[in-house]
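Numbered from 1 within each chain, the chains take letters A, B, ... in sequence-line order.
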2 protein chains.
Amino acid sequence: MKPLTQKTLTISIQDYLKHIYELTENGENASTNALARKLRISAPSVTGMVQKMASAKPALVEYQKHQGVTLTKEGRRAALEVIRHHRLLEAWLVQTLGYSWDEVHEEAERLEHVISEDFERRIAAAMGHPLRDPHGELIPTADLKMPIEDSTPLSALRPTQTGTIQCVKAADTGLLRYLESLGLVPGAQIEVKEYSPFDHNLTVKVGRKTTVLGMNITSKIYIEES
Amino acid sequence: MKPLTQKTLTISIQDYLKHIYELTENGENASTNALARKLRISAPSVTGMVQKMASAKPALVEYQKHQGVTLTKEGRRAALEVIRHHRLLEAWLVQTLGYSWDEVHEEAERLEHVISEDFERRIAAAMGHPLRDPHGELIPTADLKMPIEDSTPLSALRPTQTGTIQCVKAADTGLLRYLESLGLVPGAQIEVKEYSPFDHNLTVKVGRKTTVLGMNITSKIYIEES
DNA sequence: AATAAAATTTAGTTATGCCTAAATTATTCT
DNA sequence: AGAATAATTTAGGCATAACTAAATTTTATT
Ligand SMILES: [Mn+2]
Ligand SMILES: [Mn+2]
Ligand SMILES: [Mn+2]
Ligand SMILES: [Mn+2]
């Protein structure tokens, strides 16, 4: 009874799609090696898999030797499906089971591949169809469109600019805990106080705290300017 | 960082363990063919898998050619782990997402293999450590002991005996919906009115309804006599 | 343009977990 | 007991998805 258009994809393929989406969405090239690093799989294994995904019945990716892959319409839809599951699950785990934002990623990573569309609809409805996950990342809509993100990386701001943290693009537990301890969470008001050239450090005021942040961090925090 | 005692078992092996537990718990012999039928896997495949499970590092089953398998202490623990996940999940899906008792089984069947111990603890705590799932089946305790079920199959009762439905051992959606429509759900008070020998039908009064039930059904409904 | 370095692909293996067909063993019937 | 039947196991394959080592192609450097 499963629709022919949405033949069930293996967990591996779902993971490939998700990571290809993330790479290409950031403007990066989804090359074999980039994917291999991201998926923590050897490059030859990735080559084999992308070849398979390219020659699947409805192709999931377009693939040119030595050029990396791009998602087809089918592949993009499937990727957004997985990402929607992941982000809804993260929101659900925080809202109903008291997970903290640094604990949800790993759990969602496993659940995203096995929940039914019914489960997806139920948690979305129970939460009132949230727009963002606990890290502030946009949740693809039920019809699998990715809303447009209008925030800018903190790393692009300069002294006297102010704004609200919209989203933190990170999954690492340690980093997330550190950011939380500094008050760097979605919704927080910030003001850029200083900029050091060469090392690109930013001195940022959050609440009554002032902290110096390196590019490693400022590139992952997205701000809606005010 | 995963404890050596609880090396992660594959989803297939978890399913084998669960089905072996269910067969042996009901006093049935967990023969190759019985398992093959229950798991909907060919008999040769089952032979291969039980051989593997028997020669695993801490053996999960004891296996004698042509004699079927029994669980080792390790295997039993692992089976109860999966069953605890399944039943807690069913309860959770009903209590927090409004699933009906006939919808939960399939979803729990997939989730049971991927939730973390942390997730398990959180849903158990959130529900106040429930003793039974939505079908009334006992949930193994956190330290993986199966509580003792003292109810008896409805099929063993005779006219004038009364009791409360404790549990319905069924997963089939159609059957569960039918039983619900008759009020045959855990907690319902029933009275046996008539017994037809040879076909073993029972005429049962539930609330103000009276129904005739065949062995197929009465053997799956468990009663606490009163 | 030639060479060195990096990225990518091909070739050949491995582990899981399933399958069918054929052989074997156990059980039941005459 | 001997034959028929049923249950079980062995043998040989296949699909998926990983791996390493070696070959190839592309890109960067001199
Ligand atoms: Mn995440
Ligand atoms: Mn979905
Ligand atoms: Mn169930
Ligand atoms: Mn558990």
What N/O pairs connect the protein and nucleotides 14-17 of chain C at under 3.5 Å? Give each pair on its own line.
from	atom 1	to	atom 2	distance (Å)
C/dG17	OP1	B/T10	OG1	2.6
C/dG17	OP2	B/K52	NZ	2.8

Sequence neighbours excluded, every pair satisfying salt bridge (Lys or Arg N to Asp or Glu O under 4.0 Å) that has a member inside residues 39-60 of chain A: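 The answer is none; no pair qualifies.
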Please list all pairs meeting salt bridge (Lys or Arg N to Asp or Glu O under 4.0 Å) that have one or both residues in residues 88-99 of chain B, counting only residues at least two apart or in different chains.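 Sorted pair list comes back empty.
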Taken to the nearest whole Å, CG/B/L35 to C1'/C/dC18 is 15 Å
Rounding to a whole Å, what distance do you find between B/L39:CG and C/dC19:P?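 Between P of C/dC19 and CG of B/L39: 10 Å.
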Test side-chain hydrogen bond (donor to acceptor under 3.5 Å, both in side chains) applied to [X] - qualifying residues, sequence neighbours left out:
| X | answer |
| --- | --- |
| A/D143 | A/T141 |
| A/D150 | none |
| B/E117 | B/H85 |
| B/R84 | B/E120 |

Pairs touching residues 90-112 of chain A that satisfy ring pair (Phe, Tyr, Trp, His ring centres under 6.0 Å), sequence neighbours left out: A/H86-A/H105, A/W101-A/H135
According to the ring pair (Phe, Tyr, Trp, His ring centres under 6.0 Å) rule, which pairs have a member within residues 8-40 of chain B, sequence neighbours left out? none
Salt bridge (charged side-chain N to carboxylate O under 4.0 Å, His left out) evaluation trace for A/E103 with B/R122: CA-CA 13 Å; A/E103 295 171 320; B/R122 283 175 194 263; 3.1 Å; yes
5' to 3', nucleotides 2-14 of chain D under a 4.0 Å protein heavy-atom cut-off (B base, S sugar-phosphate only, - none) gives -----SSBB----
State, to the nearest 10°, the angle formed by the axis through the first five base pairs of the helix from C/dA1-D/dT30 to C/dT30-D/dA1 and the axis through its last five. 10°
Going by the rule salt bridge (charged side-chain N to carboxylate O under 4.0 Å, His left out), which residues pair with A/R37 if we only count those two or more places apart in sequence or in a different chain?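 For A/R37, no residue satisfies salt bridge (charged side-chain N to carboxylate O under 4.0 Å, His left out) once neighbours in sequence are set aside.
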